[in-house]
Amino acid sequence: MVSNSTHAISQQVQNDPLNRQQSLENSIDSLCLPESQKDAFEKWLTTLPPPIPKPAKPISSLKDKWELVPAFLRVKGLVKQHIDSFNYFIDVELQKIIDANEIITSKVDPNFYLKYTGIRVGMAERSDSESLAATITPHECRLRDLTYFGNIYVDIEYVRGRTIVRRRGVNIGKLPIMLRSSRCVLAGKNELEMAQMKECPLDPGGYFIVRGTEKVILVQEQLTKNRIIVETDKADQAMASVTSSTHERKSKTYLILKNKCLYLKHNSINDEIPVVLVFKAMGIVSDKEISQLVAGNDASFLDIFSPSLEEVSNLQIFTQKNALEYIGSKVKVSKWIGAEKKSIIDEALDVLAQVVLAHIPVIDGDMKPKATYIGVMARRVLHAVVNPKMIDDRDFLGNKRLELAGQLLSLLFEDLFKKFNFDLKMNVDKVLKKPNRAQEFDVYNTLLCHTDNITQGFIRAISTGNWSLKRFKMERAGVTHILSRLSYIAALGMMTRISSQFEKTRKVSGPRALQPSQWGMLCPSDTPEGELCGLVKNLSLMTHITTDDEEEPIKNLAFMLGVEDIDLFTGAELYENNTCLVFLNGLFIGVIRYPRRFINLFRSMRRMGRVSHFVSISLDEHRQAVNISSDNGRICRPLLIVKDFKVLATDDHIRQLSQGSLEFDDFLHKGIVEYLDVNEENDANIAVYPSDIDQNTTHLEIEPFTLLGAVAGLIPYPHHNQSPRNTYQSAMGKQAIGAIAYNQLERIDTLLYLMVYPQQPMVKTKTIELINYDKLPAGQNATVAVMSYSGYDIEDALVLNKASIDRGFGRCQVMRKYGFTIKKYPNGTFDRIVGPPLNSDGSIPFNYDILETDGIAGVGEKVDFGQIYLNKQVPVETKVETNATSGSKIGDQAMPEYKPNAMVYRAPEHSYIDKVLLTTTDTDYMIVKFLIRQTRRPELGDKFSSRHGQKGVCGIIVSQEDMPFTDLGICPDIIMNPHGFPSRMTVGKMIELLAGKAGTLSGQLQYGTAFGGSKVTDMSKILLDHGFNYSGKDYVTSGITGEPIQAYIFFGPIYYQKLKHMVMDKMHARARGPRTVLTRQPTEGRSRDGGLRLGEMERDCLIGYGASMLLLERLLYSSDVFNIYTCESCGYMGYKGWCQYCSSSKRMSSLKIPYAAKLLFQELQAMNILPRLILEDI
Amino acid sequence: MLPDDNTVKILADQVLDVSSTDHPHYNPYGNNDFSIQHTLKNLKIKISKISTIEMEFDLIGVDASFANALRRIMISEIPTMAIEKVYMLNNTVNEDPTDQNTIVFKLDATCQYRKGVSASEPDPNKKYINSSIFSNQLVWDPKGDQAQRFTGPTLIAPVHGDILITKLRPGQEIQCELHCQKGIGRDHSKFSPVATASYRLLPKITILQDIIGDDAYKFQNCFPPGTPKAKVLNPRKDTVSREVLRHKEFKDKVKLERVRDHFIFNIESTGAISPPEILHMSIEILASKCQNLKQSISSLLE
């Protein structure tokens, strides 16, 4: 019956597509009120009482509610998510992985088994533990190029002979330990203990140390797993897709609309399968039942679904068996030879049960839940057809999950562990296969042999950043990065960075655009410019990324609160008008009649602490669904709860918080603050300020400035700046030279920039205090005069005061590491370091002058260009002599021959030896590390920047007496050209100057916190009170003429950063120099003393101008001129006065061509192409 | 437009009549012959404040160029002694210093545990001896006849004894020779004898109309305390904040000016040379420069 009626409808639809559209619109219109009723409605509205007015004054001022931010940062946020995720991996996920792969059996001996019963990770330990205590500090690992790892211990139970043996604490490998995690020696240490371990208490942690380098596993952004996402495909047709992810399998299932019929598409099935057929294969054979599962009792949906039903009926497939056969014939057959042959029906059943939508469990072959789920998917597609607004936004943050170090490591560990077990099994089989064994087989010994695989697997993955997982055929590069230690902010900024999986080459703007749902979760300012713009993001100050929570208790709670189990329903009842579907982590668990009441109950349970605070529940009104999420990687943030105009938190709570009698978690337990994820935020009504609270308000923002991240939080008054300026500063703040860590002078890094006198900014922000930028600053408060001076200040150039530089402004130190290993060779020889050689008169030659008698330069010595700082020698013969007889020991006794391999200092500017470190690696190689220091004062061309994206280079350095001075005799440190302001619109910089000036006068630090901070009027008042002009402009006298300057000058302190780009590192010129071997052209680049390229465009200019001789000089004589001799008769190149081809010396002539051209001719000849040089007289 | 009087006009948004014209003391209405006698007759110096490190005096009746020349010389051309070379224990010496051009200080300090102090003492000053090295630990080491030459009330020593040089911990020591040389501020600011030397022009406030009632109090509040009181008491105290020009009610009622040839000079010495001496030396240097110029010109004319 059903199929017949739908047939008729679809015929009609096919005949007239316009008509269908019409009927749809009609049906939508019919929902709205007719005109006459509209007026009545309006009239009725006027009879209602006016809306309740806002209370005149907020009940509680909560002036200090920002105190919650530091309290939050003590327990969560910034880098804590890395650490939480790592701890979760160690404590929970490892055990889960062990449980999933707990047993190893042998095909050879059915009695044999090995079972893992438990797993633990020990504290970080030194691997060469024969010496000293076993604990190792991260600092030692950094200095000695070691890996900071701890042992993985498992408890095992296995068969040895006829007995079952249990062993506890078997080491199966080593796991790199995240700094500050629960397995790190730094966990829970106070400042003094940190100092004893030479560790900086302000260092964020959250990274790994692998072979001496600090590595960060960046947060990875991905599309959410196990959720239905409705999109449009290339043909602009609606389609639903689900990425199923389980421990065993990752696969993507599509439901697509094609020719008005619904199809299921999956990688393991060759063809698109009509969705009705899938239902039938799953045991739902009746068309009525199928249409109810998809369309419910809604006639309009039924209309759209009917073609799909019809198509299958045309195929003459009616039974489950038929359907399975159809599907089975299209299943991709696995090419694995060992696989057992299955019937087509079994094949289809297997695929449907285990591969398609793998995340929905099929228990005892019951496919009803999966069929219902497909029904929901189909319904979503139909919904999107009816109403295009129902298409999901892929870029919506609620559809994203962030993958942290813990999850990535757990994927890696599972892979390595499976490989480990597989290898172990192969080994066991090999041994057990042997008929007679000399001794009883003990698998424990075999197990110990394999431990290196896991250790090396981790080290390789983290140090290269290549995550290759065989299970999912996943190959991901660039997962880890070296922690940038350019400045404290650079390191911190790196820890909050999120990298997107999106391809940067694609030209779509969606993923790069600022999403409204990013509010408060991701920083709107901190993103790089250029190709990665918008793809690399940063966390805001108060975000937290969730870890997994147990599903089962949540499910039980839901059922107790009135959710009815899905198994009890048929399709018709699922989509009754008032019922809502309930999803738990994307799994359809049941329906609920009164969703609002259910959600409120659930929330109050959560606020009471009966379920985890990070479980989110929200109502999706458009899809008539309640979504409960407890999965990992959701972004969430805390908010104050508001009930009936009232913020539940009171001033009293806040006072207790600042006194320390309450902590942030107490606020959660009391139900005053709760975490909302992006999906639940959609269900909430959040007031930004207490004054905005009205009857609908459910939450209050803790502090609006937390919507910026740690790096953008440094900017004073960012809300007064043009938005891109804040983005520029976010990039530049990471290049500022300053203090790096309290242990900065203990570290030996490849390159370290340190400022000599860093200052905390006069105008700080709350964020600055929260992230300790005031303790590890990167910049100085410069007195700035905004005026034009000398003409050397155009295009953002700055004028610096020489006296300021003399007194230490902008002075920085550059430390560079030069490290060497003293190698040992297979033949028993090794490198050696010898003292300096002597001249015949007993003096030491100049280039050996700084060496001490041990052949190593002394600490504090000045190193000039060409001087040797490590007089190393390497043996001439390093290979093992193969033909040497075993008896001859002469070689060992005689001194091996050495050739010099001294390390020469080759930088243009002199330096000083700051430190020399002699130590060994874990493989017993000796390493020598030199730390070489340069102190630099600012010079012309050095780059400076304020905190408002206003960078500039030093254009001229002026002596103090030439600088303008105020009535008080104050000279500026920096003169900035006023043209920097109009187009940049960095008003924040002006306010910073004003607030800074007021602060210096009143002896206070002022605040420029975003959306708050010290007010301009207050600042002007302070200026006035101290006898200054209210606008910050001073009467200034010129230092050159001694007469007053006609304009009043905007004059005051602005925080300036010195950026790492310094002229000394870039300056380069050459007249003559090295050439490349192959082409004989000058080398490229400063590091190779290369030439300066006269490029194509320059060449074009010279051609256009007609300077042919200059062109010839630049491109030929100054480059790779070469003299060749050609034979005029045959055109070959020959010798001087002899043509080999013609065997004659008659007609040889010489000419100059580029060596590269000569090379080309010869290469062409080699491939059988003959270029002849035909010469003519002119 | 030529200035018609001797003042710089302070307006709300700009400063007018900043310069006198082409040559010093040009007066469009008066006698334009420049005569040194005339200038000297008009020149007045009044010292208003003086201490060991600071001095304020009024320099009246000279052109800005003259006052500025003095200021510039004070900052960059008066020589003082400052530490130029520091020889750590085993460094090599490049250039031979003599007792005529160098004063030598020695620093020799070793840090030790102070006896009888518990190991948990948090204050390093109590726990160790010599944990902080201050500038008063620099000891003058007279060379040649320096000991005889430099006797007197003030011994050769750093001006400030409480400058922290470095911090040490037990097991560390510092031993070095610090050579002071004569230099001028133009080479490096450490040689400058002044923290700063600057001047400002004497403010002149003219009340054009009477200000009465509440406005009078408001008017008073526009200036630093003690400057006006419905009539001008002490214009010297004005900081030129121009606050009075912001308010509509005082429009055309008050005129702010500064006297162009009245310089309130301020010398802040670093302590090495007393302020009057700095002034004296700067004048001497200026004079010798003039002599130089004069000689150069006359030799040019020959």
Side-chain angles (χ1 to χ4, degrees), chain A residues 191-192 195 801-809 844 849-850 852 858-862 912 937 957-971 973 1001 1020-1049, chain B residues 8 10-20 63-77 88 90-92 122 185-192 194-201 203 221-224 227 237-243 245-246 258 260 263-264 266-268:
Chain A
E191 279 208 20
L192 185 70
N801 185 339
K802 179 169 171 290
S804 311
I805 296 172
D806 286 344
R807 290 171 178 134
F809 177 78
I844 297 173
D849 195 36
I850 58 169
E852 293 184 348
V859 170
E861 292 282 8
K862 179 177 162 191
Y912 292 87
R937 37 186 282 157
I957 297 171
V958 174
S959 50
Q960 190 194 338
E961 66 265 25
D962 288 336
M963 278 290 192
F965 56 95
T966 66
D967 275 2
L968 289 175
I970 303 169
C971 288
D973 299 314
L1001 292 173
S1020 291
K1021 182 78 183 43
I1022 296 176
L1023 290 186
L1024 266 184
D1025 291 346
H1026 288 84
F1028 282 78
N1029 182 254
Y1030 89 113
S1031 64
K1033 289 176 163 189
D1034 285 348
Y1035 169 97
V1036 163
T1037 310
S1038 163
I1040 301 172
T1041 64
E1043 288 167 349
I1045 290 173
Q1046 284 202 320
Y1048 298 113
I1049 304 296
Chain B
V8 174
I10 306 287
L11 306 183
D13 54 350
Q14 61 175 328
V15 185
L16 279 187
D17 303 343
V18 289
S19 355
S20 58
D63 187 69
S65 54
F66 182 78
N68 196 36
L70 286 184
R71 185 190 69 88
R72 294 169 62 94
I73 289 167
M74 285 176 203
I75 291 173
S76 69
E77 280 176 282
M88 304 306 289
N90 48 4
N91 267 30
T92 48
R186 191 180 292 146
D187 294 337
H188 195 284
S189 321
K190 69 185 173 188
F191 293 115
S192 181
V194 291
T196 195
S198 74
Y199 57 78
R200 63 193 173 106
L201 300 180
N221 283 334
C222 287
F223 293 94
T227 317
K237 284 193 175 170
D238 184 28
T239 53
V240 200
S241 72
R242 287 115 57 206
E243 175 65 5
L245 301 178
R246 270 183 68 218
R258 305 191 92 170
R260 198 183 292 120
F263 300 92
I264 304 174
N266 192 44
I267 304 173
E268 282 174 44

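The chains referred to below are lettered A, B, ... by the order of the sequence lines, with proteins before strands, and numbering in each begins at 1.
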Side chain, backbone, both or neither: which part of Asp13(B) has a heavy atom under 4.5 Å from chain A? backbone
Could you look at Phe66(B) and say if it's the side chain, the backbone, both or neither that has a heavy atom under 4.5 Å from chain A? neither
Report the distance from atom CD1 of Ile75(B) to atom OG of Ser959(A), rounding to the nearest 0.5 Å. 9.0 Å
Minimum heavy-atom separation for Gly969(A) to Ser198(B), with atom names? CA-OG, 3.2 Å
Any heavy-atom pair between the side chains of Gln960(A) and Thr196(B) that's under 4.5 Å? yes
Here the gap from Lys802(A) atom NZ to Asp187(B) atom CG, rounded to the nearest 0.5 Å, amounts to 6.5 Å
For the residue pair Ser241(B) and Gly1027(A), what are the closest heavy atoms and their distance? CB-O, 3.6 Å
Where is the tightest heavy-atom contact between Arg72(B) and Gly1039(A), given as atom of each residue plus distance? NH1-O, 2.9 Å
Give the minimum heavy-atom separation between Phe965(A) and Tyr199(B), together with the two atoms involved. CE1-O, 3.3 Å
Against chain A, label Arg71(B) side chain, backbone, both or neither, depending on which of its atoms sit under 4.5 Å from a heavy atom there. side chain
From the list Asp1034(A), Ile805(A), Leu1023(A), Asp962(A), the residue making the most non-hydrogen contacts under 4.5 Å with chain B is Asp962(A)
For Glu243(B) and Tyr1030(A) the tightest heavy-atom approach is OE1-CB, 4.1 Å
To the nearest 0.5 Å, what is the distance between OG (Ser192(B)) and CZ (Arg807(A))? 6.5 Å
Between Tyr1048(A) (side chain only) and Leu11(B) (backbone N and O only), is there a donor and an acceptor less than 3.5 Å apart? yes
Please round to the nearest 0.5 Å and tell me the distance separating atom CD1 of Ile1040(A) and atom CG of Asn68(B). 9.0 Å
Examine whether an atom of Leu192(A) lies under 4.5 Å from a heavy atom of chain B, and if so say whether it belongs to the side chain, the backbone or both; otherwise answer neither. neither
Less than 4.5 Å apart, any side-chain heavy atom of Thr1037(A) and any of Phe263(B)? no
With sequence neighbours left out, what residues match Asn1029(A) under side-chain contact (heavy atoms from CB on, under 4.5 Å)? Ser1031(A), Lys1033(A), Arg242(B)
Between the side chain of Tyr1035(A) and the main-chain N/O of Val15(B), is any donor-acceptor distance below 3.5 Å? no
The interface call for Arg186(B) against chain A, heavy-atom contacts under 4.5 Å, is both
In short, Ala64(B) meets Gly1042(A) closest at the heavy-atom pair CB-O, 3.6 Å
Within a reach of under 6.0 Å around CD of Glu191(A), are more than 12 heavy atoms found that belong to other residues, nucleotides or ligands? no
